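Below, chains carry the letters A, B, ... as their sequence lines are ordered, and counting in each starts from 1. Because the structure is a prediction, the values reported are computed rather than measured.
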Number of protein chains: 2
Amino acid sequence: MADQELDERKIKILHAIIRNYLETGEPVGSRTISKYTDLNLSSATIRNEMADLEEMGYILQPHTSAGRIPSDKGYRLYVDTMMEEKDREIEELKELMIEREEKVDRMLKSVAKVLATNTNYATMVSAPAIRTNKIKFIQLSRMNEGQILAVVVVEGNVIKNNVIDSDGSIDDETLLKLNLLLNTNLCGKALEEISLAMITAMKQQAGIHSEMVGNVIDAIADSIKSEEDLQIYTSGTNNIFKYPELADSRKASDLINTFEEKQMLTELVNDTLAGEEGSGIQVYIGDETPVQSMKDCSVVTATYELGEGMRGTIGIIGPKRMDYEKVVGTLKSITHRLDELYKKK
Amino acid sequence: MADQELDERKIKILHAIIRNYLETGEPVGSRTISKYTDLNLSSATIRNEMADLEEMGYILQPHTSAGRIPSDKGYRLYVDTMMEEKDREIEELKELMIEREEKVDRMLKSVAKVLATNTNYATMVSAPAIRTNKIKFIQLSRMNEGQILAVVVVEGNVIKNNVIDSDGSIDDETLLKLNLLLNTNLCGKALEEISLAMITAMKQQAGIHSEMVGNVIDAIADSIKSEEDLQIYTSGTNNIFKYPELADSRKASDLINTFEEKQMLTELVNDTLAGEEGSGIQVYIGDETPVQSMKDCSVVTATYELGEGMRGTIGIIGPKRMDYEKVVGTLKSITHRLDELYKKK
DNA sequence: TATTAGCACTCCGAACGGATGAGTGCTAAC
DNA sequence: GTTAGCACTCATCCGTTCGGAGTGCTAATA
């Protein structure tokens with residue numbers, strides 16, 4: 001009775017158990033199921049089946065004489081094969097005010113917020129990694145005697161800037177030339193594409209001011225790294241208190257910390273962007289997550305694209321018994337909307 | 001026996017009670033005090049005195065037959081008159097790496113972090129309100145056909161920027177003129193000083209491009225407001241879990257939320273900047289705080305100044321039984337250090 | 001052979017009831 | 001005014017009890 005396959009009936013029962021548990025958050029017993037499902041079986045029969053399901057690892061008992069709750073393996077199966085998405089979410093979300101904005105970062109912030117209030121889970125949104133963005137415009141200008149302001153605009157109108165101390169005095173004319181040089185050479189290039197060869201070439205062209213070119217490149221590189229490269233916005237952190245299994249002081253503290261030190265979330269972002277396939281939506285259940293402090297959570301991530309290869313990640317973090325259908329639906333619809341908003345142009 | 005003044009002895013006893021409670025976090029009984037203090041009194045005498053102190057409102061009993069804990073009024077008295085500051089903290093802090101940085105915001109972030117790890121409380125640091133900062137430099141430049149990039153640098157090298165859609169095409173020469181116009185008129189002025197009169201005057205000078213001037217001013221105003229004007233950095237939020245009286249799920253959730261929605265902290269900032277006097281350090285105990293969600297906390301704030309009138313606020317949020325001496329000392333030393341760092345130049 | 005009814009059993013959680021001990025308030029003596 | 005002494009209160013701990021939910025197993029049933 002142990003190593004058999006999951007037959008039709010077992011699947012139905014497992015499905016019922018999970019659905020019920022997602023709703024109530026309480027261990028579910030055989031009697032409940034025997035009424036809940038359409039297949040008319042007595043609780044005794046259900047019990048036998050449940051014993052099998054437990055042996056196979058799909059469900060588990062918090063303690064003897066308690067009902068069953070889904071195991072990670074159970075959730076996994078559910079998410080992989082038994083889930084029906086709620087497409088109606090898409091319509092609802094259309095109403096949510098996600099509007100295109102001149103500056104992407106501002107919009108992404110609002111995405112995080114909207115998602116958090118809408119789902120009742122914690123959310124994170126990573127801005128497209130800047131180093132893959134293309135440079136739109138570079139501008140050097142003199143602020144005062146000793147200081148030069150370097151401004152770099154990349155796609156999405158993300159603007160980086162840095163103040164450079166220029167010891168040697170540079171006259172306005174050379175500044176103009178440098179601007180021209182930098183723009184013609186670097187515009188349209190992604191930041192990570194800038195090669196050493198290009199830099200030396202530019203230095204050569206700059207002649208006596210080659211030093212300045214180096215400084216500017218350094219400043220650019222610096223201003224990119226400065227913000228830890230990957231900008232991440234979070235929202236709804238305090239939603240975790242809505243789920244007793246996460247509100248435990250120790251776990252909560254760890255989670256809060258993770259959200260504050262956004263850097264820890266980069267692993268999640270990287271993993272999502274790397275392991276992408278199909279719909280671009282990924283579900284991490286419990287231990288599957290790359291972030292240590294989320295071992296008792298489930299995380300659903302999606303990749304979005306704002307045209308021209310600017311890709312970022314959206315993540316929703318909640319308890320394992322999160323409403324996967326709703327979350328996946330919501331993420332699908334929101335990435336779709338982002339796609340639409342930024343495709344036109 | 002009720003409406004008498006606090007005599008010497010009562011003060012000593014109250015002092016002892018508070019000190020003891022700050023250390024242990026447990027209600028303190030008469031026996032403890034009778035041994036703790038130098039005035040050799042039996043527990044019975046202490047009990048009588050304690051009854052008086054309670055009647056006067058300086059201490060209270062969590063329940064009959066428990067020891068006493070300080071009331072808000074008790075803490076207040078302690079902070080106002082009985083506290084001896086630990087000046088040695090100053091030396092310790094010197095070791096902490098607070099270094100001047102080109103961009104203030106980055107440094108303030110690190111201040112928040114250093115304070116949080118050093119004190120084990122939650123911290124917030126507000127950046128100087130931008131609108132009181134003076135403009136150092138303005139630069140308009142053409143990004144492409146239809147778009148102009150406006151960059152404004154204010155004191156502290158805080159850099160704001162905005163993209164302006166320019167319908168009418170402006171040639172390079174007028175752009176130069178506009179730059180000159182803006183810089184000569186606005187540099188050295190604080191953002192809030194810009195008056196309508198100045199704007200109209202500039203528009204007149206700009207001639208046919210008066211519209212552009214308006215746009216730029218709008219853009220500047222916008223980019224200031226955009227970031228909710230007041231930038232606030234927080235750190236160590238999860239420290240609140242170290243204090244059981246705050247770790248309670250409901251309170252914790254509220255607090256976390258306050259730190260996430262930094263906007264709520266502006267009241268604290270405003271109150272601090274307004275009610276400033278003497279040392280510039282303020283202590284809010286329990287209900288005294290202007291922020292609703294911190295009713296069960298104490299908050300200590302300080303005003304710092306980065307030369308030339310750029311003033312901001314540092315706040316430390318912890319349980320009522322926080323180590324006021326250490327916190328006040330730390331804040332004093334750190335504001336002092338900031339002052340030093342930014343005075344030289 | 002699969003399903004079901006029935007029953008003994010397990011375990012959690014809430015409720016109860018002493019002990020224990022810390023701490024108080026009060027009184028009477030010093 | 002101070003103190004010793006005592007009765008009293010109350011939180012906390014711990015063992016017990018008890019009911020309920022749910023299980024596993026067995027034997028009867030279709």
side-chain hydrogen bond (donor to acceptor under 3.5 Å, both in side chains) involving A/Thr258 - partner list, sequence neighbours excluded: A/Ser293
Under the side-chain hydrogen bond (donor to acceptor under 3.5 Å, both in side chains) test, residues paired with A/Ser30 that sit two or more places apart: A/Arg47
Those residues that, when tested against A/Tyr78, pass ring-ring contact (aromatic ring centres under 6.0 Å, His included) (two or more places apart): A/His15
Touch class at under 4.0 angstrom, heavy-atom based, for A/Ala66 against every strand present: sugar-phosphate
Polar side chain donor-acceptor pair, A/Thr301 to A/Thr272, under 3.5 angstrom: yes
Which residues share a salt bridge (Lys or Arg N to Asp or Glu O under 4.0 Å) with A/Glu23, sequence neighbours left out: none
Residues from residues 25-33 of chain B lying under 4.0 Å of DNA chain D - heavy atoms: none
Residues in side-chain hydrogen bond (donor to acceptor under 3.5 Å, both in side chains) contact with B/Ser42, at least two apart in sequence or another chain: B/Thr45
With a 3.5 Å cut-off and sequence neighbours excluded, list the donor-acceptor pairs that the side chains of residues 241-251 of chain A form with protein atoms.
unit_1	atom_1	unit_2	atom_2	d
A/Lys242	NZ	A/Asn120	OD1	2.7
A/Lys242	NZ	A/Asn239	OD1	2.7
A/Tyr243	OH	A/Asn120	O	2.8
A/Glu245	OE1	A/Arg321	NH2	3.2
A/Glu245	OE2	A/Arg321	NE	2.7
A/Asp248	OD2	A/Lys251	N	3.3

Ion pair check, B/Lys10 and B/Asp52, cut-off under 4.0 Å: yes
Could you write out each protein N or O paired with an N or O of nucleotides 9-13 of chain D at a distance under 3.5 Å?
unit_1	atom_1	unit_2	atom_2	d
D/dT9	O2	B/Ser65	OG	2.9
D/dC10	OP1	B/Thr64	OG1	3.1
D/dC10	O4'	B/Ser65	OG	3.2
D/dC10	O3'	B/His63	ND1	3.4

Rounded distance in Å - CD (A/Gln61) to P (D/dA21): 17 Å
Pair A/Tyr233-A/Thr123, side-chain donor/acceptor within less than 3.5 Å: no
Spacing between B/Asp7 atom CG and D/dG1 atom P, to the nearest angstrom: 11 Å
Counterpart residues, side-chain hydrogen bond (donor to acceptor under 3.5 Å, both in side chains), relative to B/Asn20 (two or more places apart): none
Distance-only donor-acceptor check, side chains B/Tyr284 and B/Asp271, under 3.5 Å: yes
B/Ser42 or A/Met50, whichever maps to the more 5' nucleotide of DNA chain D: B/Ser42
Listed partners of B/Arg76 passing salt bridge (Lys or Arg N to Asp or Glu O under 4.0 Å), at least two apart: B/Asp80, B/Glu288
Integer-rounded Å distance: D/dG22 C1' and A/Ile69 CD1: 15 Å
Atom-to-atom span, CG of B/Asn40 to C1' of D/dA4 - whole angstrom: 16 Å
Using a cutoff of under 3.5 Å, can you pull out all pairs of nitrogen or oxygen atoms linking the protein to nucleotides 27-30 of chain D, with atom names and distances?
none

Donor + acceptor pair across side chains of A/Thr289, A/Lys295 (<3.5 Å): no
Leading and trailing nucleotides of DNA chain C with any atom under 4.0 Å from heavy atoms of chain A: C/dT3 to C/dC12
